[in-house]
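Note that the coordinates shown come from a computational prediction; the quantities given were computed from them, not determined experimentally. Just the heavy atoms: all of them, side chains too, but no hydrogens, waters or symmetry mates, feed the values below. Letters A, B, ... mirror the listed sequences (proteins, then strands); counts begin at 1.
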Amino acid sequence: MSSIEPELPAQDPVTRPGTTLSRRAALASGVGTAAMLAAPHVRRAHAAGLNLRMLMWQDYNIAETVAEFESEHGATISPAFFDGNSEAFNKMKAGGTGDFDLVMADGFWPRLYFRDGLIQALDPARLPNLTNLFPDFQPGAYDLLLDQPGGQLIGVHNCWGSYGITMNTQHIPEEERNSLGVMFDEKYAGHLATGARFEENIAMAGIMAATQLGTKDGPRPNGDSSFNPYHLTDEELEAAKQLLIKQKSLLVTRYQDYDSLQRLMRPGLVWASPEFSEIYRRLTRARRAGEIEFDVVHTLQPKEGGLGWIDSWQVSSGVTDPAMVELAHAWINHYISKQSMYRVGMKGVAPCYDVRDLLPPEEVSLLMLDRTAELRGLHMFDQPSSPEKWERVWSEVEAA
Amino acid sequence: MATEIASARGQLSPEARFLLLALPGALFVVTFLILPMLSILVFSFWRTESYNLIPEWSLDNYVVLFTTPTYMTFLLRSLLTAVAVSMVALIYSWPVAYFMAKYGGRYRLLLSLAVAAPFFTGVILRITGIQGIMGPVGLINMGLMNFGLPPISFLMYTPTAAAIGIAYLFIPFMVTAIYLSLLNFDFELLEVAKINGAKAWRAFFEVTLPLNWIGTIIGLVLVFVPALGDSITARFLGGPNAASFGQVLSLQFGETGTWALGSAMGVVLFLVSSFVIFLMWRSVNLRRSGFTGREG
């Protein structure tokens, strides 16, 4: 990866033409310079021997970023990985605040973590790299990383995306590509796949069911003011279950990982599948290299509605030692730096930070960094209104 | 120093020596079997609400498990798979183990290592490997399609594919158990049976199999129990219609966070496994099996 890294643009020195350097200014600047030079070493001495334990998605464990941080701070990083939000949430509930210093989550989940006392409020002053955040994700446009009603920062944006549908344009006609209906259409039987995540399967079917029932604009449960596919009425949930049962006969499989889906989509066995746009990127690159003979599109927001996410870093409530709190902030700030986010982008995940000047134009387009505004219309990943009810529905689908 | 230890050893009563020897095994069983099982048992009578475990005692989880056709479907599906896989493993493993024991000669160790070779890697890697053989774009189906033949659909993300995967994972256990049993078998007995007029199949069913029944039963248990609780294979190879009891059970402790129901499922799985082991053990006649140790 280092061989393809571009040079980061040098910071413009702030100069004041016409001013002369006084002795006091020279002394002050000397002291300042000495302090600046010493700062990493002071920080290093402060953090030396400390260990940051993280519960995170494996994709974000980038060796270079970790090595840089460890070298700069003299601390060590111990990552542990999870697949879905509820899995991480359960781990944190089951004593995870003592086992992990940082945890990643997306959508509404940070608020649930905060409400349950699993994470702590963050200090934006210690996160100067936040200034590079895309405007579409800043408070006002995206408030899910602020506590309600306090408005404290409870998580720091990392990457964003949708759970959109990647489609093979040879088989799915253009007029159908903007609809979730593709995933439930019998004419595509044997050529569809979905992910194994039960929440997103039910939520997506819930959007379709509510659209078919015409209940999206009706009264909502849980006191919601607008439709949330994770808070379905019993009628919608039942209709979603029926859709999922019907969908089973159309599916090749529920894929467990990207590679499995790629093995099915690349030879043209599967024509459409919801995914986090990773396969869309891989297949588009393969198409550009002339390795496959069909185009793919990724529908971020179907006309019925779509699912989206911003994932983020949170600091566990178990971190009470000020040095560890400082170190946790330092890690987050390091991770959201342009250089680190560039690496994340080159791994194929869209950063929440503007690194378009570092990335090749085709990567900017593949990462949809010019489409950040589309996130606003998506339903954010959330906790099911009743995990018990949703478990029953999913089991009934699986047993049918 | 050595003498002191020896004299100290000499002072141990037989009871103390017995306890000392039994202690590591007992500690292991208590720590890693009984205590976790007890906690699972307790949780199974509680309930969960939005990822919180609530200690309110009731039989609700068991009522749900035994009255909702959904969970019985998973259990039945897993039971049928485990029985089928055990039978296939039994039929497949006997000739393999017999060949190794009778004709392996000085290559016996090498052959038994070859049987264990898949265990040199992790289970996910082995499943990925078998996916590469049986999957829609696997070796078999791509080979068929290259010759203009249709792919074999039951090898692609079906309950059969999951069963084949489970058999592949656990057959080495059965082969090893039968092979170890056959190592102590006196093949001369077969000659005696033949001299007395027994045909080969009769000698097998009346001499070889009964005298190696304990090894066979151990092999069956080693295949049946993990096959019954399997969660990984069905997930990766089974497709949308193969969700197993173990797979749904693992979901309760992961994504859905319904630990109490998952605990009840765990208890049911443990009881079913224990019952099957009990039935199998009942079929063992120690005298007929050539057991020569103390029975009491």
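Using a 4.5 Å cut-off between heavy atoms, A/R197 contacts chain B through both its backbone and its side chain. Both the backbone and the side chain of B/T48 come within contact range of chain A, each with at least one heavy atom under 4.5 Å from a heavy atom of that chain. For chain B, the nearby parts of A/L251 are the backbone and the side chain; heavy atoms of each come within less than 4.5 Å. Proximity to chain B (any heavy atom under 4.5 Å) is shown, for A/Y255, by neither the backbone nor the side chain. Contacts of A/S386 with chain B are absent, with no heavy-atom separation under 4.5 Å from either backbone or side chain. For A/D257, the part lying under 4.5 angstrom from a heavy atom of chain B is the side chain only. With a threshold of 4.5 angstrom between heavy atoms, A/K248 approaches chain B through its backbone and through its side chain. For B/L53, no part lies under 4.5 angstrom from a heavy atom of chain A. Contacts between A/A88 and chain B at a heavy-atom distance below 4.5 Å are absent for every atom of the residue.
Taking 4.5 Å as the limit, every side-chain heavy atom of A/E391 sits out of range of all side-chain heavy atoms of B/E255. Looking only at side-chain heavy atoms (C-beta outward), A/T253 and B/M156 stay at 4.5 Å or farther from each other. Side chains of B/F253 and A/N90 form no contact here, defined as non-hydrogen atoms less than 4.5 Å apart. Between A/W390 and B/T256 the shortest side-chain heavy-atom distance does not fall below 4.5 Å.
Listed for the A/Q256 side chain is a donor-acceptor partner under 3.5 Å among the backbone atoms of B/R235. Of the possible donor and acceptor atoms, one in the side chain of A/E388 sits under 3.5 Å from a partner among the backbone N and O of B/S50.
For A/E291, the CD atom sits in a packed shell: over 12 heavy atoms of surrounding residues, nucleotides or ligands are nearer than 6.0 Å. No more than 12 heavy atoms of other residues, nucleotides or ligands sit less than 6.0 Å from atom CZ of B/F278.
Nearest heavy-atom pair, B/W259 versus A/A94, reported as atom, atom and distance to 0.1 Å: CH2-CB, 3.4 Å.
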Worksheet entry | side-chain contact (heavy atoms from CB on, under 4.5 Å) between B/V248 and A/W394, worked out | CA-CA 10 Å; B/V248 177; A/W394 187 245; over 6 Å; no
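Residue B/T68 holds its OG1 atom at 5.5 Å from CZ of A/R392, rounded to the nearest 0.5 Å. Atoms OG and CD, from A/S395 and B/Q247 in turn, are 10.0 Å apart once rounded to the nearest 0.5 Å. The structure places CG of B/N52 at 6.0 Å from CG of A/D116, a figure rounded to the nearest 0.5 Å.
Under the side chain to side chain donor-acceptor pair (under 3.5 Å) criterion, A/Q247 pairs with no residue, sequence neighbours left out. For B/N61, the side chain to side chain donor-acceptor pair (under 3.5 Å) test picks out no residue, with sequence neighbours left out.
Across A/A193, A/P387, A/A400, A/S260, the residue that shares the most heavy-atom pairs under 4.5 angstrom with chain B is A/P387. Top candidate by heavy-atom pairs under 4.5 Å with chain A, chosen from B/M72, B/Q131, B/Q252, B/R47, is B/Q252. Among A/R254, A/E87, A/R263, A/E199, the residue with the largest count of heavy-atom pairs under 4.5 Å with chain B is A/R263.
The ring pair (Phe, Tyr, Trp, His ring centres under 6.0 Å) pairs that include a residue from residues 149-175 of chain B are B/F119-B/F173, B/F170-B/F173, where partners are two or more places apart or lie in different chains.
For residues 107-115 of chain A, a heavy-atom distance under 4.5 Å to chain B picks out A/W109, given by residue number.
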